[in-house]
Each structure stands twice: as structure tokens, then as C-alpha cells.
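Residues take their numbers from the sequence shown, with the count starting at 1. FYI, side chains are in, hydrogens and waters are out, and symmetry mates aren't considered; it's all heavy atoms of this structure. Every number for a ligand or one of its atoms is a count from 1 in the order of the listing.
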Amino acid sequence: MIIDILTIFPEMVASPLEESILGKAVERGLIAVRILNIRDFATDRHQTTDDRPYGGGSGMVMKVEPLVRAIAHARAADPPARVILLSPQGRPFSQDVAWELSRERHLTLVCGRYEGVDERVRRHYVDDEISIGDYVLTGGELPALVVVDAVARLLPGVLGCSESTAEESFAHALLEYPQYTRPDIFEDHQVPEILLSGNHAAVRRWRRQQSLRRTWQRRPDLLKEADLSDGDRELLAEVIGDDGKSTP
Ligand code: 4GX
């Protein structure tokens, strides 16, 4: 997959893409990330990318010409890109949207700054608009990295075979169970006995129950969407009312 990131702060997005799993995915050619500096597409002497809003008011707006030239450059590649603007007005990003984007061969992520971009860019040169959540950031660079991270890990070969994403989409809509590793006692905090038992069926049951309890306690909205089996309902009934702090 080709991913273009259009930004006036290329250094802000470069290094996260060099580290860890994303860095490996780039090295191995599973994703090709091109960071394009929108300023390079400005044609005036000062390479201006922003200007004052028509109608007055505070702040600046990103100019249409440099953005459209940068988008045209990205689209000119083969295969043509799906162009996505990151903004609080976009459709909410989610695991489902990440799966949808992971099926594309070429994404172009447009990072706005200031009060936003000239509305004509959004209306005529962008295919999709995505928000990573209901809070206000200083620019679209961090949202673009969030999207790249969430999408890249779904591509074949990006994760090791131990971390399966198919399992995730199957377990859909439940929170993860708690994880432990050595030592089995730290200060006076014990790892739940059942995890040391070697009884794989009991471990599976306990983990499922923990997932159900956590989701019930922290994200009841997710539980409404999950399709629970009769067995799940029994497991949940056993633990409803637990505060999650007492010993499991
Ligand atoms: N999820 N921001 C974008 C400037 C802007 C505004 C409108 C284009 C159109 C954000 C978010 C986010 C702040 C990034 C405003 N650009 N983006 N920026 N939350 O808060 O995606």
C-alpha cells in the first residue's frame, strides 16, 4: 500500500514511521510512505500556504492552490489515491473504518492546520473526511499517524503471526482481558492462580469472563453491539457487580 502524507510539518510525521512495527513494514516494502511538504507546491516567492479568512475573523485558512497541486501530485500516481482529509468534522474513525481503508492500494492523507482548509478543497478535491475523536488538536498530523498505524497493522505480513488481527475482528466489540507475565508475585501482588494452573480450558473461560466483565463495567455501549452467546451471558451473570478491584 502507498500512503502519502501531505503536511507543512514533514518532520512531525517522519520519525514515528521509522520505529518498531511501522518501520519494519516500510523496510520490508509492505507499505511505502511518501511525506509531501505542501509548502513545496506553493508557487509564490514566499511559498505561502495560508491566508486570512474572507469575511474576517481570527486565525488563518490553508490556501487552495498549494493543497490542490499537492493532491494532484499524489493522485497522479498509479494506482490513483483515495484522498482523505483529517478534521473534527469528519466521520468518526473506528476499527471498521481501518479495515475499510486497509483494502485500498493508495491513500493520501491531508493534514490541515490553523482554522482549517479552504472549503473548495474539501468540496471538490477530497474523497473522504475522517475525525479521530471529539477533541481539538493543533493539526491533522497526529490524526494521520493514528490512521496509518491502525491501517498498517491490518495489512498482511505487518504483524508477526502471534498477534492475529482476524481474531480481533472475530472477538469484535469486547475489551481485552488482563495480561500478566513473570514474576508470579511482585511485592504482595499475585498473578491470578488460574493462569498458572496449566488448565487451558479454564484459562480460556476466565479470559472470556474477564473480557465480558470489563466491557460491562467500562464500555456498556460496546456490549450492546456484541452478539453474546448463552454461555457468555452465564459468564457475565456470575461477575456482574464485581468492582474489578477485588481478586478475580
Ligand atoms: N480528528 N484537528 C485538523 C485543522 C483543520 C480543520 C478543519 C481541516 C479542516 C482532528 C481530529 C483535529 C484540528 C486536525 C484542526 N483541518 N483531526 N485541524 N480530532 O482536531 O482529525
Side-chain angles (χ1 to χ4, degrees), residues 1-17 19 22 31 33-44 46-75 80-104 106-155 219 221-222:
M1 175 186 277
I2 304 169
I3 305 174
D4 306 307
I5 302 178
L6 275 49
T7 171
I8 58 168
F9 294 113
E11 283 159 26
M12 195 171 167
V13 295
S15 64
L17 300 166
E19 302 290 336
L22 286 183
I31 52 173
V33 185
R34 307 193 300 178
I35 303 172
L36 300 179
N37 190 341
I38 295 163
R39 198 170 293 284
D40 295 340
F41 295 87
T43 49
D44 65 311
H46 297 103
Q47 297 196 288
T48 316
T49 57
D50 62 321
D51 205 342
R52 290 166 303 146
Y54 274 124
S58 62
M60 298 293 267
V61 176
M62 290 184 78
K63 288 170 66 62
V64 65
E65 304 98 316
L67 272 171
V68 167
R69 291 184 74 228
I71 290 170
H73 181 86
R75 268 197 209 279
R82 171 153 161 196
V83 180
I84 299 171
L85 178 66
L86 287 311
S87 110
Q89 283 107 65
R91 61 182 178 127
F93 192 54
S94 66
Q95 195 61 31
D96 285 345
V97 175
W99 277 110
E100 177 193 323
L101 298 184
S102 75
R103 291 188 276 273
E104 297 284 340
H106 184 183
L107 297 177
T108 294
L109 304 176
V110 181
C111 307
R113 282 264 148 186
Y114 322 114
E115 307 313 305
V117 306
D118 189 300
E119 183 67 15
R120 291 166 290 186
V121 175
R122 188 208 301 262
R123 289 264 307 251
H124 303 293
Y125 301 93
V126 160
D127 302 314
D128 199 355
E129 195 170 348
I130 287 176
S131 165
I132 65 157
D134 292 338
Y135 35 78
V136 183
L137 303 170
T138 58
E141 285 78 9
L142 295 175
L145 288 170
V146 166
V147 170
V148 172
D149 193 287
V151 170
R153 64 185 289 286
L154 300 178
L155 301 177
R219 295 293 305 275
D221 57 313
L222 294 182

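Under the rule for a side-chain hydrogen bond (donor to acceptor under 3.5 Å, both in side chains), Glu65 has no partner lying at least two apart in sequence or in another chain.
Heavy-atom contacts of Val136 reach the following atoms of ligand 1: 20 (O) (cutoff under 4.0 Å). Set against the non-hydrogen atoms of Gly140, the atoms of ligand 1 under 4.0 Å away are 3 (C), 14 (C). Against a heavy-atom cut-off of under 4.0 Å, Tyr135 is close to the following atoms of ligand 1: 19 (N), 20 (O). Which parts of ligand 1 touch Gly112 is read off a 4.0 Å heavy-atom cut-off, strictly below it: atoms 3 (C), 4 (C), 16 (N), 18 (N). Atom numbering of ligand 1 starts at 1 in the shown order; those under 4.0 Å from a heavy atom of Leu86 are 3 (C), 8 (C), 16 (N), 17 (N), 21 (O).
Crowding of Arg34 atom CZ: a count of heavy atoms from other residues, nucleotides or ligands under 6.0 Å exceeding 12. Within 6.0 Å of CD on Gln89 lie more than 12 heavy atoms contributed by other residues, nucleotides or ligands. No more than 12 heavy-atom neighbours from other residues, nucleotides or ligands sit within 6.0 angstrom of CD on Glu19.
A donor-acceptor pair is defined here as one N or O able to donate and one able to accept, closer than 3.5 Å; such a pair exists between the side chain of Ser131 and the backbone of Gly133. Asp127 places a side-chain N or O within 3.5 Å of a backbone atom of Val83 that can act as its donor or acceptor partner.
Contacts between Ser131 and ligand 1, counted as non-hydrogen atom pairs separated by less than 4.0 Å, involve both the backbone and the side chain.
At a 3.5 angstrom cut-off on N or O pairs, Gly133 counts as close to ligand 1. When only interatomic distances are considered, the shortest N/O to N/O separation between Ile132 and ligand 1 falls below 3.5 Å. On a distance-only criterion, Glu115 and ligand 1 share no N/O pair closer than 3.5 Å.
Applying the salt bridge (Lys or Arg N to Asp or Glu O under 4.0 Å) test to every pair with at least one member in residues 128-148, sequence neighbours left out, gives these pairs: Arg82-Asp128, Arg91-Asp128, Arg113-Glu141, Arg122-Glu129.
Minimum heavy-atom separation, Ile132 to Tyr135: O-OH, 3.1 Å. The minimum heavy-atom distance linking Val61 with Asp118 is given by the pair CG1-N, 3.5 Å.
For atom 2 (N) of ligand 1, the closest non-hydrogen atom of the protein is Pro88 CD, 3.8 Å. What sits closest to atom 21 (O) of ligand 1 on the protein, heavy atoms only, is Ser87 N, 3.4 Å.
Considering each of Val147, Ile130, Leu137, the one bringing a non-hydrogen atom nearest atom 20 (O) of ligand 1 is Leu137. Comparing heavy-atom distances from atom 6 (C) of ligand 1 across Gly139, Pro143, Gly116 singles out Gly116 as nearest.
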